[in-house]
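In what follows, a single structure is set out as structure tokens and then discussed.
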Amino acid sequence: MINLMPLFKKYWDVCVGGNDEKRINSQTPPENVEVFADIPYIDDGRWEHLLDVYAPRGNTEVLPVIIDIHGGGWMYGTKRINQYYNMTLADKGYVVFSINYRLVPDCDIAEQLQDCMHSFEWIKKNAKKYNGDLKELYVTGDSAGGFLAAFTTMLNNSEQLREVFGTVSPDLNIRGVALTCPVCYMDPSDFTGIYTRQMLGRDYKNKKYAAYVNLDRALKESSMPPTYLITCGGDMPARKATFKAYEDLEDAGVKCKLKYLPDKKLMHVFCITDPFAPVSAEVNNDMLKYLTANK
């Protein structure tokens with residue numbers, strides 16, 4: 001396998017990174033949200049092990065919890081790129097935990113999942129400090145973060161998968177999951193595998209978890225709560241994968257809903273990058289309505 005990692009890394013850092021900064025600087029966040037920033041969920045001094053908490057300003061009520069995992073192709077990004085999306089969720093009456101995690105190539109996907117599971121464990125111990133109600137807990141993720149959101153949920157629900165990926169056991173009661181333009185297949189047979197197999201590394205077939213890196217296979221060893229999936233006409237990286245995830249979830253008996261907007265002007269993770277647009281607000285509101293109706 002030819003090593004394309006330097007090329008992919010340059011693309012994410014130069015092309016996507018620059019666009020993200022322009023986007024963030026051009027948007028105005030809600031005023032009535034309080035942010036508790038850069039809290040370590042693993043006390044090792046690494047920026048990859050920090051999380052943010054968002055809550056309605058001055059809130060004294062116990063509120064439902066959302067854990068959000070950002071995307072970035074497994075090798076780019078921080079919780080910062082989802083900050084305004086998370087603020088819009090908090091503004092609707094949620095306590096939102098947004099996490100960093102280590103990135104490829106400095107780690108593999110098992111280590112990313114280990115980070116996510118450690119953050120879940122920290123949230124279980126600390127949610128009450130921020131008036132979060134873990135009896136109403138939901139997980140969201142977009143793009144590669146959709147993979148991590150789906151798989152952390154399945155790991156949470158499966159001792160076998162936790163052993164395969166070497167993670168802790170937070171034992172949370174996750175009531176629903178929302179996956180925006182998710183890429184939940186790391187070893188597909190189509191052209192997207194050129195990228196995703198690079199994320200797995202040259203020797204991934206020798207890894208203990210190699211047989212479980214696609215959603216359909218992992219589902220055979222675990223379960224998922226009601227799941228809401230989002231994609232759109234312009235979602236070239238993940239439209240096909242999102243439809244497949246919906247079909248595989250249905251085949252596994254998982255209650256799920258696919259929100260597909262055929263408009264080709266809407267791009268990958270549109271409702272994350274611009275949560276203030278009317279179409280994004282409509283989709284995100286429908287997502288929350290679906291999750292809470294199935295609690």
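Treat the numbers as computed from the prediction; the structure is a model and nothing was measured.
For the pair Asp286 and Lys257, the salt-bridge criterion is met [side-chain N within less than 4.0 Å of a carboxylate O].
Leu134 is listed as a side-chain neighbour of Ile123, based on a closest heavy-atom distance under 4.5 Å. The closest side-chain heavy-atom distance from Tyr54 to Val35 is below 4.5 Å. Using a 4.5 Å heavy-atom cutoff, the side chains of Ser119 and Phe97 are not in contact. The side-chain heavy atoms of Tyr209 and Val213, taken from C-beta on, include a pair separated by under 4.5 Å.
With a 6.0 Å radius and a threshold of 12 heavy atoms from other residues, nucleotides or ligands, Met5 has its CE atom above the threshold. Residue Glu21 places its CD atom among more than 12 non-hydrogen atoms of other residues, nucleotides or ligands, all under 6.0 Å distant. Other residues, nucleotides and ligands contribute more than 12 heavy atoms inside 6.0 Å of the CD atom of Glu34. For Asp43, the CG atom counts as loosely surrounded, since its 6.0 Å shell holds 12 or fewer non-hydrogen atoms of other residues, nucleotides or ligands.
In this structure, Lys124 contributes its side chain and Pro170 its backbone to a donor-acceptor pair below 3.5 Å. A donor-acceptor contact shorter than 3.5 Å links the side chain of Glu111 to the backbone of Asp108. A donor-acceptor pair is defined here as one N or O able to donate and one able to accept, closer than 3.5 Å; no such pair exists between the side chain of Arg239 and the backbone of Thr231. In this structure a side-chain-to-backbone donor-acceptor pair under 3.5 Å is present from Thr153 to Ala149. Of the possible donor and acceptor atoms, none in the side chain of Asp38 sits under 3.5 Å from a partner among the backbone N and O of Leu50. Of the possible polar contacts, one joining the Gln114 side chain to the Phe165 backbone as a donor-acceptor pair under 3.5 Å is found. Distance alone, capped at 3.5 Å, places no donor-acceptor pair between the Asp142 side chain and the Val269 backbone. Within the 3.5 Å criterion, the main-chain N or O of Leu172 finds a donor-acceptor partner in the side chain of Asn156. Panel note: side chain Thr78, backbone Arg80; a donor-acceptor pair is recorded below 3.5 Å. In this structure, Thr196 contributes its side chain and Met186 its backbone to a donor-acceptor pair below 3.5 Å.
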Evaluation steps, side-chain contact (heavy atoms from CB on, under 4.5 Å), between Leu179 and Thr227
CA-CA 7 Å; Leu179 308 175; Thr227 302; 3.9 Å; yes

Could you check Ile230 against Thr242 for side-chain contact (heavy atoms from CB on, under 4.5 Å), going step by step and ending with a plain yes or no?
CA-CA 7 Å; Ile230 303 167; Thr242 305; over 6 Å; no

Apply side chain to side chain donor-acceptor pair (under 3.5 Å) to Lys22 and Asn19, showing your working.
CA-CA 5 Å; Lys22 290 178 183 177; Asn19 288 335; 4.8 Å; no

I'd like to know whether Lys259 forms a side-chain contact (heavy atoms from CB on, under 4.5 Å) with Met287, so could you lay out the CA-CA distance, the side-chain angles of the two residues, the decisive distance to 0.1 Å, and finally the verdict.
CA-CA 9 Å; Lys259 184 72 170 181; Met287 171 194 76; over 6 Å; no

The test is side chain to side chain donor-acceptor pair (under 3.5 Å); show your working for Asp274 and Tyr85 and say whether it passes.
CA-CA 8 Å; Asp274 187 6; Tyr85 168 71; over 6 Å; no

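Aromatic ring centres of Tyr260 and Phe243: separated by under 6.0 Å. Between Tyr41 and Trp122, a ring centre-to-centre spacing not shorter than 6.0 Å is recorded. Residues His70 and Tyr101 bring their aromatic ring centres within 6.0 Å.
Just one residue in the list Phe8, Trp12, Tyr11 forms a ring-ring contact (aromatic ring centres under 6.0 Å, His included) with Tyr76, and that residue is Trp12. Residue Tyr138 forms a side-chain contact (heavy atoms from CB on, under 4.5 Å) with just one option from Val96, Asn294, Asp68, Thr292, and that option is Thr292.
The aromatic rings of Tyr195 and Trp74 are tilted relative to each other, their planes meeting at an angle between 30° and 60°.
Asp190 and Tyr185 share no donor-acceptor pair across their side chains, judged by distance under 3.5 Å alone. Asn86 and Lys79 share no donor-acceptor pair across their side chains, judged by distance under 3.5 Å alone.
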